[in-house]
Amino acid sequence: MKRPAEFKWGKLSRKQKIVLTWWRPKSPFHDYNGIIADGSIRSGKTVSMGFGFVLWAMKTFDRQNFALCGKTIETLRRNVIVTLKRQLRARGYHVIERKSENLIVISKGNRANSFYLFGGKDERSQDFIQGITLAGAFFDEVALMPESFVNQATARCSVDGSKYWFNCNPQGPKHWFYRKWIRRCRKDKLVYLHFTMDDNLTLSQKIKERYETRYKGVFYLRYIKGLWVLAEGIIYDMFSAEKHVLKKDLSTEGEYYVSADYGIQNATVFLLWRRIKGTNKWFCCKEWRYSGREKNKQKTVDELVDGMEKMLDGINPKLIIIDPSATALKAELKKRKYRIKLARNDVLDGIVDVGTMLNNDRLYFSARCKGTIEEFGIYIWDQKAADRGEDKPVKDNDHGMDAVRYFVKTMKLVKKDKKQDEYGSYMMMY
């Protein structure tokens with residue numbers, strides 16, 4: 001098995017150096033209780049925070065337990081652990097990962113400590129961290145975790161000298177972490193560092209500009225400027241009927257795909273997609289929708305699939321991407337021998353991806369898709385959820401929007417088949 005390349009640090013910014021040294025005896029912050037690093041994407045937060053946490057732990061303690069926390073253990077491994085192991089081995093640390101126990105044992109010389117991996121996905125996650133005694137905890141993307149999990153994890157840090165390490169991209173200004181940790185950082189003796197892409201000295205100007213063109217509106221302010229701003233108004237404010245809606249169909253090529261949002265009383269929507277010829281842009285050719293509530297008559301699942309087949313008019317789609325909770329629709333499609341894939345239903349991530357596609361002129365819609373086009377103008381943020389510090393769309397007039405999001409989010413993660421033509425039959429978004 002080929003060993004990964006040795007990790008080599010690039011030039012460090014002032015803020016990254018603070019992350020790596022704030023806890024040392026000569027630092028003015030050495031007696032602080034922890035550190036918070038927030039700000040834009042690709043700003044060098046994670047690469048310095050993860051290593052800084054373990055460096056502090058190994059220099060300060062021996063034979064103690066620590067927590068490495070992510071939204072899920074899978075994302076934690078992908079975003080932090082892979083790079084962290086290379087960083088540590090390059091500095092002469094011995095690293096043993098016991099995946100079945102979600103445990104990493106790190107040692108150097110006669111000193112060794114245990115680092116347990118935890119996922120803070122939902123309210124139930126706090127149950128998995130109860131009972132353990134910790135000398136410190138690191139939270140990657142803490143703003144995506146429930147408050148109950150973070151409170152439980154920090155309460156476990158009862159060893160003298162224990163500290164908290166928090167890393168995140170901003171959410172809304174009413175988010176619990178912003179209100180209860182960032183705004184109280186001085187009172188609670190927490191180092192607070194706000195990162196931008198300029199703090200990542202390994203990024204070229206060209207790469208920075210590419211990231212800046214990917215986002216618009218609230219996501220630009222959060223992901224690029226690193227601001228805790230409110231999501232309000234129309235979600236896809238970058239959608240333009242003049243730009244993204246076509247009265248005349250474009251020339252397309254390759255396989256067809258269908259994305260579907262399934263409802264019983266609510267609307268069921270099927271969207272038909274195909275790649276625009278000679279590009280990596282996508283065209284929504286047709287839609288079929290039915291609302292039992294609007295028609296005062298509910299259709300059976302087989303009648304709904306009959307409607308989809310009427311839309312297809314003999315087309316055999318490569319893949320049908322469906323609402324992951326639509327078990328009845330899944331069963332009917334399987335019975336009719338269609339190849340299906342359960343959609344990736346990460347709502348906020350999916351909204352960001354759709355917005356990026358629209359902003360980069362990568363999605364187009366036929367004027368025949370009247371329901372979906374109408375929804376773009378009325379798909380809005382839920383202000384009651386915003387008052388609770390959450391980003392959620394209003395669950396109304398959203399069925400076409402869900403079908404669009406399922407397509408973009410799911411197809412983004414389908415691997416390209418190298419045997420296909422120049423673009424492949426799958427969408428590679430970035």
Self-check item: Pi-cation contact, Tyr257 with Lys318 (under 6.0 Å, within 45°)
Solution: no
Self-check item: Student check: side-chain heavy atoms of Tyr236 and Ile351 closer than 4.5 Å
Solution: yes
Quiz item: Mind checking whether Phe376 and Thr372 have side chains closer than 4.5 Å, heavy atoms only?
Solution: yes
Quiz item: Atom SG of Cys69 and atom CD1 of Ile129: how far apart are they, to the nearest 0.5 Å?
Solution: 4.5 Å
Quiz item: Residues in side-chain contact (heavy atoms from CB on, under 4.5 Å) with Asn79, at least two apart?
Solution: Thr75, Asp140
Quiz item: Looking only at side chains, do Thr60 and Trp23 share a donor and an acceptor under 3.5 Å apart?
Solution: no
Exercise. Take atom CZ of Arg183 as the centre, draw a 6.0 Å sphere, and report whether it contains more than 12 heavy atoms from other residues, nucleotides or ligands.
Key: no
Exercise. Evaluate the criterion side-chain hydrogen bond (donor to acceptor under 3.5 Å, both in side chains) for residue pair Arg156 and Asn151; output intermediate values, then yes/no.
Key: CA-CA 9 Å; Arg156 301 293 98 204; Asn151 288 344; over 6 Å; no
Quiz prompt | Electrostatic pair Lys99:Glu97 at N-O distance under 4.0 angstrom | solution = no
Quiz item: Between the side chain of Thr279 and the main-chain N/O of Ile276, is any donor-acceptor distance below 3.5 Å?
Solution: yes
Quiz item: Is any side-chain heavy atom of Leu271 less than 4.5 Å from a side-chain heavy atom of Phe407?
Solution: no
Quiz item: How far apart are the closest heavy atoms of Glu147 and Lys180, and which atoms are they?
Solution: OE2-NZ, 2.8 Å
Self-check item: Modelled atom types, side-chain donor and acceptor of His194 and Asp38, under 3.5 Å
Solution: yes
Quiz item: Relative to each other, are the rings of Tyr223 and Phe219 parallel, tilted or perpendicular (30° and 60° limits)?
Solution: tilted
Exercise. Using a cut-off of 6.0 Å, state whether more than 12 heavy atoms not belonging to Arg91 lie near its atom CZ.
Key: no
Exercise. Would you mind checking if Arg289 and Glu375 are paired as a salt bridge, meaning a charged N to carboxylate O distance below 4.0 Å?
Key: yes
Quiz prompt | Pairing of Lys174 and Glu390 as salt bridge, 4.0 angstrom limit | solution = no
Practice problem: Evaluate the criterion salt bridge (Lys or Arg N to Asp or Glu O under 4.0 Å) for residue pair Lys189 and Asp31; output intermediate values, then yes/no. | Solution: CA-CA 8 Å; Lys189 293 192 73 175; Asp31 63 340; 3.1 Å; yes
Practice problem: Could you tell me if the ring centre of Trp181 sits under 6.0 Å from that of Phe139? | Solution: no
Quiz item: Does one side chain, of Asp188 or Tyr32, offer a donor that lies under 3.5 Å from an acceptor on the other?
Solution: no
Self-check item: Asp199-Ser43 side chain donor-acceptor pair, cut-off 3.5 Å
Solution: no
Quiz item: Is any NZ, NE, NH1 or NH2 atom of the basic residue among Arg344 and Asp349 found under 4.0 Å from an Asp or Glu carboxylate oxygen of the other?
Solution: no
Exercise. Specify whether Tyr164 and Phe166 have parallel, tilted or perpendicular ring planes, treating 30° as the upper limit for parallel and 60° as the lower limit for perpendicular.
Key: tilted
Quiz prompt | Ring centres under 6.0 angstrom apart (Phe239, His244) | solution = yes
Quiz prompt | Pairing residues for Asp402 by the salt bridge (charged side-chain N to carboxylate O under 4.0 Å, His left out) criterion, not counting sequence neighbours | solution = Lys395, Arg405
Quiz item: With sequence neighbours excluded, what pairs up with Thr133 under the side-chain contact (heavy atoms from CB on, under 4.5 Å) test?
Solution: Ser158, Val159
Quiz prompt | Lys409 side, atom NZ; Asp346 side, atom CG - distance, nearest 0.5 Å | solution = 5.0 Å
Quiz item: Around Lys225, counting heavy atoms of other residues, nucleotides and ligands shown, do more than 12 lie under 6.0 Å from its NZ?
Solution: no
